[in-house]
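Each remark here refers to the structure printed beneath this line.
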Amino acid sequence: MSDLLANLNAEQLAAVTLPDEPALILAGAGSGKTRVLTTRIAWLIQNGRVSPAGLLAVTFTNKAAKEMMTRLTSMLPINTRGMWIGTFHGLCNRMLRAHYRDAGLPQTFAILDSQDQLSALKRLLKSLNVDDEKYPAKNLQYFINNAKEQGLRPADVEANDDFNRRFVDLYAAYDVQCQREGVVDFAELLLRCYELLRYNDAIRQHYQHRFRHVLVDEFQDTNVLQYQWLKLLAGFGTQNPAAVFAVGDDDQSIYAFRGANVGNMRDFEHEFRVRHMIKLEQNYRSHGHILDSANHLIAHNARRLGKNLRTDAGHGEPVRVFQAGSDGQEASWLVEEIRDLIAQGMSRSEIAILYRSNAQSRVIEHALFSSGIAYRVYGGLRFFERAEVKHALAYLQLLENPRNDAAFGRVVNFPTRGIGARSLEALQDAARQYDCSLAEAVAYVPGKAGSSLGAFVRLIEQMRAETRRMTLPETVEYVTNTSGLITHYRGEKEGQDRIENLQELVTAAQAFVMEEGFGLDALASAIPVGRDGAQAVPALADGDQAQQVLDPEALPVVMTPLVAFLTHASLEAGDNQAQAGQDAVQMMTVHAAKGLEFNAVFITGLEEGLFPHENSAMEADGLEEERRLMYVAITRARERLYLSFAQSRVLHGQMRYHVRSRFFEELPETSLKWLQPPAQAYGGSPRRQQNESGWGRDWFKKPEDVPYSGTKPTGGMDTGNGYADAKRQAGSGLRIGQNVFHNKFGEGVITALEGEGADARANIKFKRHGAKWLALAVAKLDPID
DNA sequence: GGTAGACGTACATAT
DNA sequence: TACGTCTACC
């Protein structure tokens with residue numbers, strides 16, 4: 001029985017077993033935060049303090065939510081699927097689906113991701129003939145999201161000048177457009193759900209009665225609206241509020257740019273009269289020098305709740321610091337250090353390379369690639385964000401809701417059907433005139449344009465009819481074929497990859513229906529009845545929501561497999577690379593690294609202007625946020641930490657010269673090991689002298705070993721080197737049977753070789769992309785073992 | 001009406 | 001580098 005509590009330290013134990021009252025847990029990096037949160041849930045359930053249906057736990061990322069469910073399943077024999085554990089967006093979506101009518105939404109509302117939102121805004125600005133020089137869609141997007149994150153509708157936003165008034169008007173027009181099209185953006189999910197709870201007494205009271213415990217992860221990253229939502233849900237100010245258990249770390253607040261408000265922690269403490277505040281300061285992750293560095297650094301921030309991490313682990317290795325002449329040298333040094341680590345037996349996936357912005361990854365990728373070190377880059381274009389996948393999803397969205405103008409506009413002429421800009425303009429005019437959706441406006445367009453448009457609408461209708469009795473994977477496959485997408489890409493020279501992604505989408509649909517418990521034979525567009533033993537659907541069909549919400553065990557599972565899949569695609573953009581699971585060095589931004597840990601961590605590009613980023617200087621609290629970001633980066637490391645900066649680097653196609661980051665002056669000198677004399681920084685002065693540990697490798701003596709001398713006018717990593725690489729490869733003896741690594745296709749094996757010199761070609765069978773002929777003069781191949 | 005190529009411009013972090 | 005817009009030409 002007490003198994004759950006075994007191996008918790010005193011602080012953790014106290015947190016897990018707190019009474020049913022508001023609590024704030026200040027959990028330092030690596031202090032077992034997730035463990036405390038999940039053990040708390042398990043303990044509450046095991047001791048009968050709450051039923052699985054009576055608690056709600058919310059996180060920010062899908063990854064964290066999944067992790068929580070996995071751990072919970074391993075602690076208790078319960079099915080977590082029906083539980084209210086998820087992200088803010090996921091949980092709000094779920095509530096909105098269950099109460100779509102009260103929320104004023106169509107049952108099958110679609111979710112816009114940031115990209116979709118931006119194009120919706122561009123469309124709006126165009127239709128209103130707004131000068132996009134003066135009112136750029138991006139600024140408008142920022143304005144709207146910012147307002148929504150504060151819980152403000154257009155009428156609530158104060159506009160003190162004409163310029164701002166225009167923004168407010170556009171915000172209002174955007175909301176009207178979304179409503180007409182039946183789409184909802186990320187911020188709207190939260191705001192709409194908040195309003196649902198706020199203005200509908202029956203629903204609010206239902207959830208307030210139902211959730212006796214509300215647990216919040218990463219509380220420091222909540223925005224104003226999320227906090228308000230939590231207060232409503234937890235019945236703040238009512239007779240019988242839920243116990244809110246908030247876990248967070250003010251030192252790790254790094255999302256101010258998307259509305260995170262660290263002040264929520266203080267507000268929570270005061271408003272909820274928190275009597276239980278527990279600090280988890282015992283760090284189980286990092287060696288001493290690493291932790292000292294983190295503590296020293298973060299002490300430079302003024303506004304903190306105050307916390308100091310301690311560890312029982314020894315000092316470990318000092319933090320290695322490298323000053324490179326250029327970004328290319330920095331990358332070469334990384335490669336050498338990583339080789340050493342691998343030689344010492346560290347697995348690649350335990351090594352992470354972190355950087356401030358995604359653009360920095362390329363030079364590093366190139367160096368790793370040339371050295372044949374497998375790597376994986378997080379971020380960038382993810383699976384569900386790819387153009388061809390989005391096209392297929394747009395067709396699927398039209399099956400659910402033909403009024404979705406975003407989806408309609410995306411594919412009405414893709415593949416091309418003779419519906420050009422002229423026809424579309426006529427269609428948009430008609431839609432405006434009759435105040436209807438594009439699909440409905442088709443009837444008003446005369447002539448040839450009208451008939452081509454009509455044919456498209458009939459195509460969609462036909463697809464809807466034909467897929468009525470299909471399962472989700474069948475529907476996806478049918479749509480990719482019948483839409484003409486596959487045929488279209490077959491005719492394109494780079495089309496094969498896109499076709500494979502479309503096939504992958506079918507596979508993803510198969511996996512999805514299995515994982516989500518729909519099963520392989522569930523119809524795509526039918527609401528499953530009795531799933532998870534839930535009986536939520538019939539009540540909804542009656543239109544009697546009160547009945548449904550009064551049943552505390554009812555799980556509002558009202559999504560059809562297709563709607564659920566589309567939702568999944570919007571809320572979880574998926575992974576970006578095929579080689580998951582492969583033992584590869586991990587590359588990502590510091591933001592993306594939050595919540596993760598690695599044996600060895602490289603923090604690169606530690607230069608003024610980059611990290612701290614130059615744009616941060618413009619924001620209030622900007623520098624402190626950068627420092628917290630650096631704190632997050634440092635505390636990712638368990639055993640080894642490496643810091644590097646380059647005096648020159650190619651950025652946006654231009655050579656830039658940087659001074660090393662001020663953060664170096666904020667780290668404890670005794671924990672650092674400079675790998676060579678800290679030379680005169682550009683425009684700055686050296687603070688440090690050589691320390692006792694001596695110099696590292698002398699990189700400056702062997703410029704010929706450095707793939708990037710930084711002398712090229714542009715980044716140009718693909719130019720020039722290709723042919724030289726090919727010669728080197730030819731010389732290095734590629735042979736049949738040889739395993740190779742390709743940047744794009746991943747691992748493969750050579751099955752044939754042909755031609756010589758510039759004509760040399762190899763047939764390679766790739767694990768994930770099938771067989772391909774690649775010209776050695778062009779393809780970048782590296783032998784692997 | 002479709003399409004390929006040239007040109008200009010911008011670009012931090014992300015559910 | 002990557003994407004939107006413009007232009008020439010089919």
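The structure displayed is predicted, hence computed values, not measured ones. These numbers come from the heavy atoms of this one structure, side chains and all, not from hydrogens, waters or symmetry mates. To find a chain, count down the sequence lines: A is the first, B the second, and so on, and within it residues start at 1.
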Please round to the nearest 0.5 Å and tell me the distance separating atom CG of Asn404(A) and atom SG of Cys178(A).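 Rounded to the nearest 0.5 Å, the CG-SG separation comes out at 10.0 Å.
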Pairs flagged by ring-ring contact (aromatic ring centres under 6.0 Å, His included) wherever residues 608-629 of chain A is involved - sequence neighbours left out: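 Checked against ring-ring contact (aromatic ring centres under 6.0 Å, His included) - neighbours excluded - the pairs reaching residues 608-629 of chain A are Phe611(A)-Phe663(A).
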Report yes or no: is the cationic atom of Arg376(A) (NZ for Lys, CZ for Arg) under 6.0 Å from the centre of the six-membered ring of Tyr378(A), at an angle within 45° of the ring normal?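 Yes, cation above the ring, under 6.0 Å and within 45°.
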Ring centres under 6.0 Å, that's the criterion: do Tyr100(A) and Phe109(A) meet it?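 Aromatic pair excluded; centres sit 6.0 Å or further apart.
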Would you please say whether a donor-acceptor pair under 3.5 Å links the side chains of Glu388(A) and Tyr489(A)?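 Tyr489(A) and Glu388(A) do not have a side-chain donor-acceptor pair below 3.5 Å.
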Sequence-aligned protein contact record of nucleotides 5-10 of chain C, with B where the base is within under 4.0 Å of a protein heavy atom and S where only the sugar-phosphate is: ------
Summarise how protein sits on nucleotides 2-15 of chain B as a single string, 5' to 3': B when a protein heavy atom is under 4.0 Å from the base, S for sugar-phosphate-only contact, - for no contact. SS-------BBBBB
Decide salt bridge (Lys or Arg N to Asp or Glu O under 4.0 Å) for Asp116(A) and Lys390(A); before the verdict, give the C-alpha distance in whole Å, the side-chain angles of both, and the deciding distance to 0.1 Å. CA-CA 10 Å; Asp116(A) 301 331; Lys390(A) 283 220 139 189; 2.6 Å; yes
Where does the angle between the aromatic ring planes of Phe257(A) and His591(A) fall among parallel (under 30°), tilted (30 to 60°) and perpendicular (over 60°)?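 Correct class here is perpendicular.
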